[in-house]
There are 4 protein chains.
Amino acid sequence: MKHGKIYRSDYSTATDARVHQTRAAIRKAFLQLLDQKPLDQITIREIASAASIGYTTFFRHHPSKEELLNEIAASEIKHLIELAMPVLGPIDSREATLTMCRYVAEHRALWSTLLTGGAANVLREEFIRLSLQVAASWESTNEWLPAEVGVILVTSGTIELLAWWLKQKDPIPVEKLAIIFDRTIISPVINQQRS
Amino acid sequence: MKHGKIYRSDYSTATDARVHQTRAAIRKAFLQLLDQKPLDQITIREIASAASIGYTTFFRHHPSKEELLNEIAASEIKHLIELAMPVLGPIDSREATLTMCRYVAEHRALWSTLLTGGAANVLREEFIRLSLQVAASWESTNEWLPAEVGVILVTSGTIELLAWWLKQKDPIPVEKLAIIFDRTIISPVINQQRS
Amino acid sequence: MKHGKIYRSDYSTATDARVHQTRAAIRKAFLQLLDQKPLDQITIREIASAASIGYTTFFRHHPSKEELLNEIAASEIKHLIELAMPVLGPIDSREATLTMCRYVAEHRALWSTLLTGGAANVLREEFIRLSLQVAASWESTNEWLPAEVGVILVTSGTIELLAWWLKQKDPIPVEKLAIIFDRTIISPVINQQRS
Amino acid sequence: MKHGKIYRSDYSTATDARVHQTRAAIRKAFLQLLDQKPLDQITIREIASAASIGYTTFFRHHPSKEELLNEIAASEIKHLIELAMPVLGPIDSREATLTMCRYVAEHRALWSTLLTGGAANVLREEFIRLSLQVAASWESTNEWLPAEVGVILVTSGTIELLAWWLKQKDPIPVEKLAIIFDRTIISPVINQQRS
DNA sequence: CTCTAATCGAGACGGTACGTCGCGTCTTACG
DNA sequence: CGTAAGACGCGACGTACCGTCTCGATTAGAG
């Protein structure tokens, strides 16, 4: 609506080494900046400068900084959702919970940026959007709880809990986190409950 | 840090009828715009135009649109937190829950804008910030659950649940909402639990 | 063309003592400010503040600061022109010259402001305009010199010379000034000349 | 004193063709506007619009319209002063006078704008400033006439005379102008004189 | 190993919104 | 009941980024 054609190449299948190098530099610089301030206080010129690339070059790879964030976020979120889905299954939620927490712990730096940095709000929305999409076909587990609400609460609860955990200087061990996670977020939604 | 002197008057004790009129017009126009798009896509010129006031006049009342939103949000949130606090008390959470839901239901239009419009993210942060502040002195209710986490989960859960509820075309009755609220958000945090 | 009607009263025949007081205060404050900076760097609020009157009150007396300057300038210039005219007469230019210089010397503060302060350019134009008007009916004194040119040169020369004189810390005596005035400005225009 | 950092480049050595094109367009549009109204009634937006460039682009080349005028004026004035200086020399003032008048005549359009348009006052000041600077080292030609006064009178007289000449619909021939110039402005200052 | 095309840097440019300032009009409240 | 105080609409200011668009310079990888 806003823009005309952009002269951006399609680098998706590029084999040129420079392309990969440039993309990596952008990503790295961008995540570093996101650690420091919210998305809308970061200028593209800043990213380009931090990545030691030309301003114009940024646009050859990403149409906007928002789009860049979405690209990064989407791929990371997919991993997490794949790990998180079994959590809601009937089998062994405690084990799946632990697996998910460990995954985040292993990529602490990245997730810390995503969840506690300037991208948090964007990420939350994307996270919930993708979760709802994945869970769209599910049937309700409880007659008193619309499935959609369940997904929203679990997803947002997960994000908040992980964000809190990543912010701590002396984070509690993963096992304890998994217990909190299970008791406050998972069980209330999937378990049978007595009023 | 950014600005030099601003020529803004202190209107807090203003008695001039025009002042109230102008402030009301700004607020109304702003909330209408927030219904349609996120905060950062709203320009001050748009607000001024919609409120039928001069562009400059906006700054005579609010230093920025962010500040305006915070002013509005803070006062509304305070009301809600006052109603919400007893919910966590030991006595009768179900009753307090119902009271809070009814309050939101009675101000549906306003809260709908705040929670589901372009201000949602700002409001969430402010909400959690204020909740943490209010709850700072509390002692932990559970040895396995840090008090801070409890507050965060209850607050964000509340926001998500209310936001979902306000988005529905055919919203479920308040009583049912209160049940969900109690089972998924309150009880898991304040009650004793069996693993 | 720009403005609608102004609610300005006509105070020209006012007898109210306050009116005179106010006008005097404006005039005084204005001239003081003109000593310090050019006209367009002086704001009306500044004048009003310096004159200890309300901002709006200024407009009850003068439509704009430019107009105010013109009012002041015009009356002063008229005095000077009346003294200066005989200078060009055939009788005794040296004597008239001396008279004029003495007049300026006696009102040094005022003329210093008018000629060397921020009003200089406006004053020059007004001065030349009035001079040309007064001298419109004159007949040329020399066949080789259009009357208009003569008036312009004498007028602008007078202004420049007086401005220079008023700027000096140790001004030369009036008598010497009159000599310069006569030799460089008056004589070349009115006297018969040998090429 | 006024401004913070300006993002203006140094175009003095620019080779980009667009730069020259833009600068020329600005200059042309600016001079055209100066023909019509005084400097302070011209807005930068007007200049930009008339030059068919973006508003912001103006500032990439000139910090303000006043500065732009000074740049233009300074370069033109330098030419004229170089021609005018020999006029005051002892040799052949009549010839130098003629040369100078011819130069102005050949650039009638430009000088007409500078001297009779909205820039006249600014130009006068700059002219006198530069003249005094150039003539700073001179020694007085007459014991009764301070050198500074001589420079001021010659310079301002020159400007007034040229301005008058350029304003005429049927201007007198250059030769007659040179005679007036010599008799009324040059001779009275440099020649020995009998009281 | 060359050379040709892809990629990049540098930055000029037209825009849009910002927040500030001063103007001149108009309204209100006070004395 | 008139006047000061000041709220207001207006429009220009100068700044900051935006995203588009040339330009050459460099460099990879195909011939």
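All chains are named by letter (A, B, ...) in the order of the sequence lines, taking the proteins before the strands, and each is independently numbered beginning at 1.
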How close do C/K65 and C/T43 get, counting heavy atoms only, and between which atoms?
NZ-CA, 4.5 Å
What is the distance, rounded to the nearest whole Å, between atom NE2 of A/H62 and atom P of E/dC8?
11 Å
Salt bridge (Lys or Arg N to Asp or Glu O under 4.0 Å) contacts touching residues 114-124 of chain B (sequence neighbours left out)
B/R124-B/E160
Whole Å only: how far is the CZ atom of C/F59 from the C1' atom of F/dG2?
19 Å
Specify the residue among B/Q21 and D/E66 whose closest nucleotide of DNA chain F lies further upstream toward the 5′ end.
B/Q21
What is the distance, rounded to the nearest whole Å, between atom CZ of B/R60 and atom P of F/dA5?
18 Å
Rounded to whole Å, CG of B/L68 lies from C1' of E/dC18 at a distance of 16 Å
E/dG15 base / D/T56 side chain donor-acceptor hit below 3.5 Å:
yes
Rounding to a whole Å, what distance do you find between D/F58:CZ and F/dT15:P?
12 Å
Verify the contact: side-chain N or O of B/H61 to OP1 or OP2 of F/dC8, cut-off strictly under 4.0 Å; return yes or no.
yes
Residue pairs, two or more places apart or on separate chains, that pass salt bridge (Lys or Arg N to Asp or Glu O under 4.0 Å) and touch residues 25-44 of chain D:
D/R27-D/E76, D/K37-D/E46
Tightest non-hydrogen contact, residues B/A48 and B/G54, listed as CB-O, 3.9 Å
Side chain to side chain contact (heavy atoms under 4.5 Å, CB included) involving D/A73 - partner list, sequence neighbours excluded
D/I77, D/L123
With a 4.0 Å cutoff (strictly under), does any side-chain N or O of B/T57 reach OP1 or OP2 of F/dG9?
yes
Quick one: is B/T22 getting a side-chain N or O under 4.0 Å of the F/dC8 phosphate, OP1 or OP2?
yes
If the condition is side chain to side chain donor-acceptor pair (under 3.5 Å), which residues does B/E67 pass it with, not counting sequence neighbours?
none
B/Y55 has an atom OH; how far is it from atom P of E/dC18, in whole Å?
5 Å
Check every strand shown and say whether A/S52 touches a base, only sugar-phosphate, or nothing at a heavy-atom separation below 4.0 Å.
sugar-phosphate
Sequence neighbours left out, what passes side chain to side chain contact (heavy atoms under 4.5 Å, CB included) with D/A120? Give chain and number order.
none
Of the listed nucleotides E/dT7, F/dG19, F/dG14, the one nearest the side chain of A/R18:
E/dT7
Among residues 37-50 of chain B, which contact DNA chain E at a heavy-atom distance under 4.0 Å?
B/T43, B/I44, B/R45
Of the nucleotides F/dT26, F/dC10, F/dC13, which has the atom closest to the D/K65 side chain?
F/dC13
